[in-house]
Participant: 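Can you read through this structure? Questions will come right after.
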Amino acid sequence: MNVGAFLITFREALEAAIIVAIIIAYLKRTGREKQIKDVWTGVGLSVLASVILGGAILKIYGGLEEKELFEGVASYLAVIVLTSMIYWMATKGRNIRAEIESKVSKAINPLALIGFTFIVVFREGLETVLFLTPFATQDLGGTLAGLIGGVISALVLAYLIYGVGMRINLRTFFYYSSILLVFVAAGLAGYGTHELIEWAEEEGMHLGFIEEPAYDLGIPKESVFHHKGAIGSIFAVLFGYSVKMEWGRVIVQFGYLIVALYLVLRAYGKEPSLAPRNSRLKSTG
């Protein structure tokens, strides 16, 4: 199982489950129970659209000759979207319930509610597809296992929160998961840079010191500590670990890590507490 794929899918699926739970709870509270079926219709359509999009991207990738260029661009795109999602949750996520309820209150007819649910859930699906594309191009089986495991785990946790009434501080959860995802994103940025450097070399471009090796640990591929080994691969996904890196990869990966960590910690640090009372969500059923 790809740990990075699991973590990303778990977080995205949990966000989608929270959104759906907020919508359903609001409909029940305002006497609009009959419209809950429209919510599930929107959810189903968004999941279908996400699956089709993911399949289309993989099919396009399979027919490409310049796979390094595709993987590099896909990794950079995933980093951009992942970073915006992390920062948005850190700065605006605490108001998500009020924003959703306000928009649901205006979605009176079935088509409007289906459309709204589709958009907010598909956004999570689109992000998941973009995030997992770089992982899928490297290890499709492990990525699919991480995807399935992440979805199941998120649904179980969502049920425990909203169905059973388990109390959990979601703000704290998103804080620590955001920090871990910054490391994942840094690794993706580094991997994307490595692929672009390889593509440039194949095209006969000379990048100077950027393509020169910054370090080489000399660990053989057969070792479990190689970045493709049993242990090293876990650190590679979570922290961008590699037994050797070019200077360009080092600069991009660790430069991103420093800046992104600073922004996320600063965004959460502006709040008086990571565990305010009103952030502890109870069952909405």
Side-chain angles (χ1 to χ4, degrees), residues 5-58 78 81-82 84-86 88-89 92-133 136 143-166 168 170 173-174 177 181 281-285:
F6 171 83
L7 177 63
I8 289 172
T9 305
F10 175 65
R11 169 147 174 170
E12 290 296 312
L14 182 59
E15 287 183 19
I18 290 173
I19 291 172
V20 172
I22 291 173
I23 294 174
I24 292 176
Y26 179 79
L27 292 177
K28 288 182 177 180
R29 194 167 67 248
T30 56
R32 296 167 58 185
E33 290 89 347
K34 292 183 179 180
Q35 289 188 284
I36 292 178
K37 65 180 185 301
D38 298 326
V39 175
W40 292 119
T41 299
V43 170
L45 291 174
S46 64
V47 171
L48 178 61
S50 299
V51 171
I52 293 174
L53 177 62
I57 290 177
L58 289 178
V81 179
L82 183 57
S84 64
M85 179 269 290
I86 293 172
W88 180 88
M89 182 58 69
K92 306 293 184 180
R94 58 185 176 274
N95 300 319
I96 188 171
R97 180 188 295 275
E99 292 182 10
I100 290 175
E101 290 183 348
S102 174
K103 292 179 180 178
V104 172
S105 67
K106 300 174 183 177
I108 304 300
N109 64 73
L111 286 179
L113 187 56
I114 291 173
F116 172 71
T117 305
F118 172 85
I119 291 173
V120 294
V121 176
F122 179 67
R123 182 182 63 188
E124 307 298 332
L126 175 61
E127 291 176 353
T128 303
V129 170
L130 292 176
F131 301 155
L132 297 190
T133 295
T143 301
L144 289 176
L147 169 67
I148 296 172
V151 169
I152 293 175
S153 300
L155 292 178
V156 169
L157 180 57
Y159 172 75
L160 291 175
I161 296 173
Y162 295 100
V164 179
M166 183 181 75
I168 180 174
L170 289 175
F173 165 80
F174 284 124
S177 65
L181 283 176
L281 300 182
K282 301 178 181 179
S283 169
T284 58

Participant: Run the side-chain contact (heavy atoms from CB on, under 4.5 Å) test on Leu27 and Glu33 for me, step by step, so that the C-alpha distance in whole Å, both residues' side-chain angles and the decisive distance to 0.1 Å come before the verdict.
Facilitator: CA-CA 6 Å; Leu27 292 177; Glu33 290 89 347; over 6 Å; no
Participant: Looking only at heavy atoms, what is the nearest atom pair of Asp38 and Ile114, with distance?
Facilitator: O-CG1, 3.3 Å
Participant: Of all the heavy-atom pairs spanning Ala5 and Thr143, show the shortest one and how long it is.
Facilitator: CB-O, 3.9 Å
Participant: Quick one: pull up OG1 in Thr128 and CZ in Phe122 and give me the separation to the nearest 0.5 Å.
Facilitator: 10.5 Å
Participant: Can you name the closest pair of heavy atoms from Leu157 and Phe10 and give their distance?
Facilitator: CD2-CZ, 3.7 Å
Participant: Counting C-beta onward and ignoring hydrogens, is there a side-chain heavy-atom pair between Met85 and Leu181 closer than 4.5 Å?
Facilitator: yes
Participant: Considering all heavy atoms of both residues, which atom of Gln35 and which atom of Ile108 are nearest to each other, and what is their separation?
Facilitator: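 Answer, listing the atom of Gln35 first, then Ile108: NE2-O, 2.6 Å.
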Participant: If every non-hydrogen atom of Val39 is compared with every non-hydrogen atom of Leu113, which pair is closest and at what distance?
Facilitator: CG2-CD2, 3.9 Å
Participant: Any side-chain heavy atom of Ile100 sitting closer than 4.5 Å to one from Ile19?
Facilitator: yes
Participant: Under the rule for ring-ring contact (aromatic ring centres under 6.0 Å, His included), what residues qualify as partners of Phe116, not counting sequence neighbours?
Facilitator: none
Participant: So Val20 and Trp40, side-chain contact (heavy atoms from CB on, under 4.5 Å) or not? Walk me through it.
Facilitator: CA-CA 9 Å; Val20 172; Trp40 292 119; 4.0 Å; yes
Participant: Can you measure from CG (Leu130) to CD1 (Ile57) and round to the nearest 0.5 angstrom?
Facilitator: 6.0 Å
Participant: Among pairs that include at least one residue of residues 6-20, which meet salt bridge (charged side-chain N to carboxylate O under 4.0 Å, His left out), considering only residues two or more places apart or in two chains?
Facilitator: Arg11-Glu15
Participant: Spell out, as yes or no, whether a donor-acceptor pair under 3.5 Å connects the side chain of Ser102 to the backbone of Ala98.
Facilitator: no
Participant: What's the separation between atom CG in Leu155 and atom CG in Leu14, rounded to the nearest 0.5 Å?
Facilitator: 9.0 Å
Participant: Are the side chains of Val104 and Arg32 in contact, using a 4.5 Å heavy-atom criterion?
Facilitator: yes
Participant: Let me check something: any side-chain donor-acceptor pairs from residues 43-55 under 3.5 Å, sequence neighbours excluded? List them with distances.
Facilitator:
from	atom 1	to	atom 2	distance (Å)
Ser46	OG	Gly42	O	3.3
Ser46	OG	Val43	O	2.6
Ser50	OG	Ser46	O	2.9

Participant: Side chain to side chain donor-acceptor pair (under 3.5 Å) with Glu99: which residues, sequence neighbours excluded?
Facilitator: none
Participant: With sequence neighbours excluded, give me every salt bridge (charged side-chain N to carboxylate O under 4.0 Å, His left out) pair touching residues 41-58.
Facilitator: none
Participant: Per the side-chain hydrogen bond (donor to acceptor under 3.5 Å, both in side chains) rule, what does the pair list look like for residues 104-126, sequence neighbours excluded?
Facilitator: none
Participant: Measure the CD1-CD1 distance between Ile18 and Ile23 for me, rounded to the nearest 0.5 Å.
Facilitator: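 Rounded to the nearest 0.5 Å, the CD1-CD1 separation comes out at 12.5 Å.
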